[in-house]
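For reference, the structure discussed in these notes is given below.
Letters go in sequence order (proteins before strands), and every chain restarts at 1.
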Amino acid sequence: MGPAHAATAAALHDRLLPWYAVHRRDLPWRRPGCSPWGVLVSEVMLQQTPVARVQPVWQRWVAAWPTPAALAASSPGDAVRAWERLGYPRRALRLHAAAVVLRDEHGGVVPAQEEVLRTLPGVGDYTAAAVAAFAFGRRSTVVDTNVRRVHARSVTGAALPAPALTRAEVALAAALLPEDDREAATWNVAVMELGALVCTARSPRCGACPLRDVCRWRLAGSPPYDGPPRRGQAWEGTDRQCRGRMVQVLRDASGPVGAEELHSVWPDRAQSDRCLDALVADGLVEPLEDARFRLPV
DNA sequence: TAAACGTGGCA
DNA sequence: TTGCCAAGTTT
């Protein structure tokens, strides 16, 4: 870490850590009694999904499946059904697959090493680092959308980070990470918490920010975002909308569902045909011999 | 590398 | 009302 960053890091730590101690939310997966498995489940659920929607579903999940082995003993379809309406149901499928790997290859235990976590289905760089840090107190570089935004503003002076994660952002996050394991884990969650509660994407609460006197973005007069255009996701009429409707029908059904009932929720038959095939290919839907379908058993 | 992948709340 | 955004991963 160069001297410039060393000074920056110290200034940020001195301001952010006391703020976090006061303002941290009491989330169930942060409580001391929460198992590493509970932390892993929370991290996968939180991918692209707000805390408020995750919380009740997470409670039901860890109550039903308190260990990887318990989930592995259920069907993937049960996992998808219990996913409810969190979105991206392939995450439920991957979490189930991860539970099977944990049971069969890791003694039913969630590993503490980032490199090992990274091999699990549905676990990418962020989730591996987050579980190592939050479940095991390890020193890992956690870079999520909150961290990227806080660093972009406070250190880089930009309104928002670039559309895609860059090497420079990872290097910056690594440079700011405290040496001590436990401190590093707290630092990671503190930066994320600031991004979630104060340094938000829209209408940041700069007046309440502990970094306001050192934030380079604020000191520059809070200039607007000037990077490459960010792609909004289309929704109406997309395959994603069509898939979502068909999976919802299967989630809500008690047994197998006829093809016509699935197609009835979408006006364009050619598109729903294609989407149903894709759902089967993805393993989210299981075809039976009699032209009926169900969640995978 | 960029596009696909769900869902709902908020400005 | 419409668009943006939420603790990303996979191909």
Side-chain angles (χ1 to χ4, degrees), chain A residues 24-25 27-30 38-58 80 83-95 97-98 117-135 140-150 159-167 169-170 173 185 188-197 199-205 225 228-251 265-266 271 274-275 278-279 281-285:
Chain A
R24 68 188 298 260
R25 289 169 292 178
L27 301 172
W29 44 84
R30 284 183 185 165
V39 173
L40 173 58
V41 170
S42 79
E43 289 302 339
V44 174
M45 287 186 171
L46 286 163
Q47 293 167 1
Q48 301 285 283
T49 308
V51 166
R53 249 194 298 155
V54 164
Q55 203 154 191
V57 180
W58 181 87
V80 171
W83 200 252
E84 302 185 28
R85 301 182 62 81
L86 285 183
Y88 294 143
R90 287 194 291 193
R91 292 182 293 169
L93 227 43
R94 291 179 181 141
L95 205 39
L117 286 161
R118 185 65 180 76
T119 68
L120 297 172
V123 176
D125 289 339
Y126 161 76
T127 302
V131 172
F134 306 146
S140 64
T141 304
V142 179
V143 184
D144 78 328
T145 189
N146 289 302
V147 171
R148 297 184 64 211
R149 189 173 54 252
V150 169
L160 293 171
L165 180 64
T166 65
R167 295 176 150 218
E169 290 180 83
V170 177
N188 279 321
V189 72
V191 177
M192 288 173 62
E193 195 76 335
L194 186 73
L197 298 180
C199 192
T200 52
R202 287 172 296 187
S203 359
R205 303 169 50 216
Y225 175 71
R230 322 171 134 271
R231 287 199 175 289
Q233 295 191 338
W235 176 245
E236 274 304 314
T238 60
D239 285 4
R240 284 217 311 278
Q241 186 183 28
C242 177
R243 291 165 55 108
R245 284 192 190 173
M246 291 198 285
V247 171
Q248 186 183 348
V249 169
L250 293 169
R251 263 198 321 259
V265 299
W266 195 253
Q271 186 178 11
R274 180 158 43 77
C275 286
L279 286 168
D282 288 347
L284 274 166
V285 173

Side chain to side chain, Val265(A) and Gln248(A), heavy atoms closer than 4.5 Å
no
Any side-chain heavy atom of Phe134(A) within less than 4.5 Å of one from Met192(A)?
yes
I need the full list of salt bridge (Lys or Arg N to Asp or Glu O under 4.0 Å) pairs touching residues 120-135 of chain A, with sequence neighbours left out, sorted by first then second residue.
Arg118(A)-Asp125(A)
How far, in whole Å, is [M] from [N] if one measures between their [atom1] atoms?
| N | M | atom1 | answer |
| --- | --- | --- | --- |
| dT1(B) | dA6(C) | C1' | 23 Å |
| dC5(B) | dT2(C) | P | 23 Å |
| dT9(C) | dG8(B) | P | 23 Å |
| dC5(C) | dG6(B) | C1' | 13 Å |

If I take atom [atom1] in residue [X] and atom [atom2] in nucleotide [N], what distance separates them, rounded to the nearest angstrom?
| X | N | atom1 | atom2 | result |
| --- | --- | --- | --- | --- |
| Asp239(A) | dT7(B) | CG | C1' | 16 Å |
| Arg245(A) | dG8(B) | CZ | P | 12 Å |
| Gln241(A) | dC5(B) | CD | P | 12 Å |
| Leu86(A) | dG6(B) | CG | P | 13 Å |
| Arg274(A) | dA4(B) | CZ | C1' | 12 Å |
| Leu93(A) | dC5(B) | CG | P | 15 Å |
| Arg91(A) | dA4(B) | CZ | P | 19 Å |

With B for base contact, S for sugar-phosphate-only contact and - for none (protein heavy atoms under 4.0 Å), nucleotides 4-11 of chain C reads BSBBBSS-
Side chain to side chain donor-acceptor pair (under 3.5 Å) against Ser140(A), all qualifying residues, sequence neighbours excluded
none
Using distance alone, with no hydrogens and no angle criterion, decide if Arg240(A) and Gln233(A) have a side-chain donor and acceptor under 3.5 Å apart.
yes
Check the surroundings of atom CZ in Arg230(A): do more than 12 heavy atoms from other residues, nucleotides or ligands lie under 6.0 Å from it?
yes
Glu169(A)/Arg148(A) ion pair, N-O < 4.0 Å:
yes
